[in-house]
J.: 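Below is the structure I would like to discuss, written out as structure tokens.
Because the structure is predicted, anything quoted here is derived from the model rather than measured.
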Amino acid sequence: MDSSDYQGGKAHGIRLQQQEKDLDEINSQFSTCGTYDDVEELDEKLVQYKQQFMRFDLDRSGDIDLFELKMMMEKLDQPKTHLEIKKMIAQVDTTNSGTITYSEFLVMMLGGKNSVLRMILLFEEKSRPKPKPTGIAKKKSLADLGIRPDMAQHLG
């Protein structure tokens, strides 16, 4: 970004929108290619993986580099050495770019091949606390609690 450009926030927002559009296009290709038709809830997973990828692609370049992966692992309380990070990228990087593109990320997450990164991300996803209901709890009847009407008479 040019240092004389004082619209950094605006430019960042534009890059973010463009990245989201690009990732949606890749998601569309993955959902219609037929390779992953056997994956349950494919569209929901693609949306989830897009959000996960965008959270870790800090510079909005469209790929996760060594630094970004290192930051990701630290955020997940799984710090790794420089060499371990390089090995994790090498397991996924099919283009030998030294980075993980979104397509490579999706192949890793949806494919059958297990990589260290995939296992950590799936674990992180499952360990994330589920949102708790808010507001006043709905009134329950005895039937909702599993008590038969004929037994309710005996309770008083």
J.: Of the non-hydrogen atoms in Y102 and N27, which two are nearest, and what is the gap between them?
T.: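 Shortest heavy-atom separation between Y102 and N27 comes out as OH-OD1, 2.6 Å.
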
J.: Can you name the closest pair of heavy atoms from P79 and E74 and give their distance?
T.: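 In terms of heavy atoms, the two residues are closest at CB-CG, 4.2 Å.
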
J.: With salt bridge (charged side-chain N to carboxylate O under 4.0 Å, His left out) as the criterion, how do E20 and K50 come out once you've worked through the C-alpha distance, each side chain's angles and the decisive distance to 0.1 Å?
T.: CA-CA 8 Å; E20 192 160 0; K50 178 183 81 168; 3.2 Å; yes

J.: Which residue in the set V107, L106, I100 passes side-chain contact (heavy atoms from CB on, under 4.5 Å) when paired with E104?
T.: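 Answer to the side-chain contact (heavy atoms from CB on, under 4.5 Å) test with E104 among V107, L106, I100: I100.
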
J.: Would you say L83 and K87 make side-chain contact, with heavy atoms under 4.5 Å?
T.: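 Yes. Closest side-chain heavy atoms under 4.5 Å.
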
J.: Side chains of T99 and S97: donor-acceptor distance under 3.5 Å anywhere?
T.: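 The criterion, which ignores hydrogens and geometry beyond distance, is satisfied for S97 and T99.
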
J.: What are the two closest heavy atoms between S31 and D43, and how far apart are they?
T.: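 Of all heavy-atom pairs spanning S31 and D43, the closest is CB-OD1, 3.4 Å.
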
J.: Check this for me: K70, atom NZ, are more than 12 non-hydrogen atoms of other residues, nucleotides or ligands nearer than 6.0 Å?
T.: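 Above 12, so yes.
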
J.: Going from CZ on R60 to CD on Q18, what distance comes out if it is rounded to the nearest 0.5 angstrom?
T.: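 Here the rounded value is 13.0 Å.
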
J.: With a 4.5 Å cut-off on side-chain heavy atoms, are M54 and L16 touching?
T.: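 L16 vs M54: side chains touch.
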
J.: Please determine whether residues L23 and L58 belong to a single hydrophobic cluster, defined as Ile, Leu, Val, Met, Phe, Trp and Tyr linked transitively by side-chain heavy-atom distances below 4.5 Å.
T.: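 No, separate clusters.
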
J.: If you compare all heavy atoms of Y49 against all heavy atoms of F105, which two are closest, and at what distance to 0.1 Å?
T.: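 Nearest heavy atoms, Y49 then F105: O-CE2, 3.6 Å.
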
J.: CD/Q52 to CE/M72 distance, rounded to the nearest 0.5 angstrom?
T.: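 So the gap between those two atoms works out to 7.5 Å.
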
J.: Is any side-chain heavy atom of T35 closer than 4.5 Å to a side-chain heavy atom of L110?
T.: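 Sidechains of L110 and T35: no contact.
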
J.: For residues D63 and D57, report the shortest heavy-atom separation together with the two atoms involved.
T.: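 Taking D63 first and D57 second, the nearest heavy atoms are O-OD1, 2.9 Å.
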
J.: For a side chain to side chain contact (heavy atoms under 4.5 Å, CB included) check, start with the C-alpha distance between F30 and K45, then their side-chain angles and the critical distance, and finish with the verdict.
T.: CA-CA 11 Å; F30 268 76; K45 285 183 179 181; over 6 Å; no

J.: Could you tell me if the side chain of I89 sits less than 4.5 Å from the side chain of L69, heavy atoms only?
T.: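 They are in side-chain contact.
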
J.: Which atoms form the tightest heavy-atom contact between I85 and K80, and what is the distance?
T.: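 I85 and K80 have their closest heavy atoms at CD1-CB, 3.6 Å.
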
J.: Same hydrophobic cluster for L76 and F67, using side-chain heavy-atom links shorter than 4.5 Å among ILVMFWY?
T.: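 L76 does not cluster with F67.
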
J.: Nearest 0.5 Å, please: how far is CG in L66 from NZ in K86?
T.: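 Interatomic distance, K86 NZ to L66 CG, rounded to 0.5 Å: 7.0 Å.
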
J.: Give, for atom CE of M109 and atom CD of Q48, the distance between the pair rounded to the nearest 0.5 Å.
T.: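 It comes to 7.5 Å.
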
J.: With no hydrogens and no angle check, just 3.5 Å: does a side-chain donor-acceptor pair link D93 and T95?
T.: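 Yes, a side-chain donor-acceptor pair sits under 3.5 Å.
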
J.: Determine whether a donor-acceptor pair (N or O, by modelled atom type, separation under 3.5 Å) exists between the side chain of E68 and the backbone of D65.
T.: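 Yes; at least one donor-acceptor contact below 3.5 Å.
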
J.: So, do R55 and K75 sit near enough that their side-chain heavy atoms are less than 4.5 Å apart?
T.: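 A side-chain contact under 4.5 Å is absent here.
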
J.: Go through it in stages, so that I can follow the logic: the residues are T101 and I26, the test is side chain to side chain contact (heavy atoms under 4.5 Å, CB included), and I'd like the CA-CA distance, side-chain angles, deciding distance and then a yes or no.
T.: CA-CA 11 Å; T101 65; I26 294 170; over 6 Å; no

